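Heads up, the thing below is written out as structure tokens.
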Amino acid sequence: MSILVTGGAGYIGAHVVRLLQERGEDVVVVDDLSTGRADRVGDATLVELDVADGEAQQVLERVLTERAVTGVIHFAARKQVGESVERPAWYYQQNINGLANVVAAMGGAGVDRMIFSSSAAVYGMPDVDIVTEDTRPEPINPYGETKLVGEWLIADAERAFGLRAASLRYFNVAGAGSADLGDPAILNLIPMVFDRLERGQRPTIFGDDYPTPDGTCVRDYIHVQDLAQAHLSALDYLETDDRAASVFNVGTGTGASVKDVIDEIGRASGLDVTPDIAERRAGDPPRLVAAADRIEQVLGWRAQHGLPEIVRSAWEAWQAGPRRIG
Ligand code: UFG
């Protein structure tokens, strides 16, 4: 019996793979290694495959059957908002075809437990202080659309062949569970600030005239180790027959501003973090903070780490490298 993790060589996937291994699970990773790294998966079997490929369904079905897989955690997907705006068709090909191949293979092999990596990007620009799972999803870019469509496909498969699924809507994931598992990409606030500091430049704040307490955007930062733990809680929950919900926010319920994060980076690094203020970046909601009540009530999960631990662990991993894998 084993768990299949698509995208298990990536930043978040590798944290989940390690947790599964620590609790004694047999793990099979499927990853095309386009952004993932083979050295992150420990002694898990690694099947090198792009899940969006034409042949992927057959390959996946064979792996599911041969390895007696009992549950699938599906991370493999593209996740850059800007890139999705430039290449919408490719995002749909990658994220939707990939998911459809995984779901079809599960149906064929009779595997019925699935965790899907969704995103707070499904909410778009909500005009509420705290978003609950019932806040109307209105994605504002192709990336967010592929996540919402993915949730719909999964709900359809739950009705069609008894798939048991949980879609986890991640808020702003950061930090590292250990120094060798840091986020190698420089695409989000914390690594972007580290990168500038390392070059001897000042951090940049994209807009300080938002309607927030200090004028900078507020987000719900979630430690990647807590997020990984949420996947295990969700996987266990899928074994119960009486399931109250299948979509969960994964956040802390607490917001931090861009300024808060940069100040925390100053404390962790000991460096001068005086920022430059730049123009607003297109498409940034002023505030995106999760209501985290459902996941606590239903899965019994809540975040254990706050912003200082997120930033400190990210800084340690940054110094350990390697990085700059887009
Ligand atoms: N920011 C700066 N300076 C920087 C980098 C970022 O001021 O150098 C600001 C951004 O403008 C934003 C905030 O920091 O206000 C957070 O930006 P990130 O790029 O780290 O994260 P986002 O909230 O924009 O995006 C995240 C995920 C996406 C997801 C989105 C919506 O990275 O995948 O949340 O949930 F789509």
Side-chain angles (χ1 to χ4, degrees), residues 7 10-12 35 75 77-85 91 94-95 117-126 128 130-131 133 135 137-148 150-151 167-175 183-199 201-224 227 248-252 255-266 273-291 307 310-311 314 318 326:
Y11 165 53
I12 303 172
T35 57
F75 293 100
R78 303 286 153 196
K79 64 168 186 179
Q80 294 186 40
V81 170
E83 186 180 55
S84 81
V85 174
Y91 263 69
Q94 287 283 297
N95 292 3
S117 300
S118 187
S119 168
V122 301
Y123 295 113
M125 298 272 239
V128 290
I130 295 264
V131 284
E133 291 82 353
T135 300
E138 289 183 286
I140 55 162
N141 51 58
Y143 168 68
E145 290 163 11
T146 63
K147 291 299 177 182
L148 184 58
E151 290 185 5
S167 292
L168 304 183
R169 293 177 174 169
Y170 310 160
F171 281 66
N172 287 62
V173 187
D183 183 357
I186 305 174
L187 297 169
N188 293 113
L189 173 61
I190 293 174
M192 284 168 77
V193 171
F194 290 168
D195 183 51
R196 289 185 65 87
L197 293 174
E198 191 175 73
R199 294 164 190 272
Q201 298 167 339
R202 292 177 168 206
T204 308
I205 293 181
F206 298 139
D208 68 349
D209 57 351
Y210 284 96
T212 59
D214 67 17
T216 67
C217 289
V218 171
R219 296 288 181 274
D220 189 334
Y221 292 88
I222 166 91
H223 196 300
V224 66
L227 174 64
F248 300 93
N249 285 343
V250 192
T252 65
S257 72
V258 175
K259 275 190 183 151
D260 292 335
V261 172
I262 292 177
D263 287 347
E264 200 59 60
I265 292 173
V273 291
T274 309
D276 285 333
I277 309 298
E279 292 294 295
R280 289 185 179 191
R281 194 174 69 173
D284 279 337
R287 181 182 162 87
L288 197 58
V289 176
L307 190 61
I310 291 173
V311 170
W318 173 266

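These numbers were taken from a predicted model, which means no experiment stands behind them. Note that ligands are numbered from 1 as they come in the structure, with each ligand's atoms numbered from 1 the same way.
- Around ligand 1 you find Lys79, Val81, Ser119, Ala120, Ala121, Tyr143, Asn172, Leu187, Asn188, Leu189, Met192, Thr204, Ile205, Phe206, Cys217, Arg219, Tyr221, Val258, Arg281, Asp284, Leu288, each with a heavy-atom distance below 4.0 Å.
- Residues forming a side chain to side chain contact (heavy atoms under 4.5 Å, CB included) with Ser257 (at least two apart in sequence, or on another chain): Asp214, Thr216, Val218, Lys259, Asp260.
- Shown here are the side chain to side chain contact (heavy atoms under 4.5 Å, CB included) partners of Ser117, two or more places apart in sequence or in another chain: Phe75, Lys147, Tyr170.
- A donor atom on one side chain and an acceptor atom on the other are found under 3.5 Å apart for Arg196 and Thr204.
- Legend: residues meeting side chain to side chain contact (heavy atoms under 4.5 Å, CB included) with Leu189, ordered by chain and number and at least two apart, are Val193, Tyr221, Val258, Val261.
- A donor-acceptor contact under 3.5 angstrom links the side chains of Glu83 and Tyr91, judged on distance only.
- Side-chain atoms of Glu151 and Ser167 form no donor-acceptor pair, as typed in the model, at a separation below 3.5 Å.
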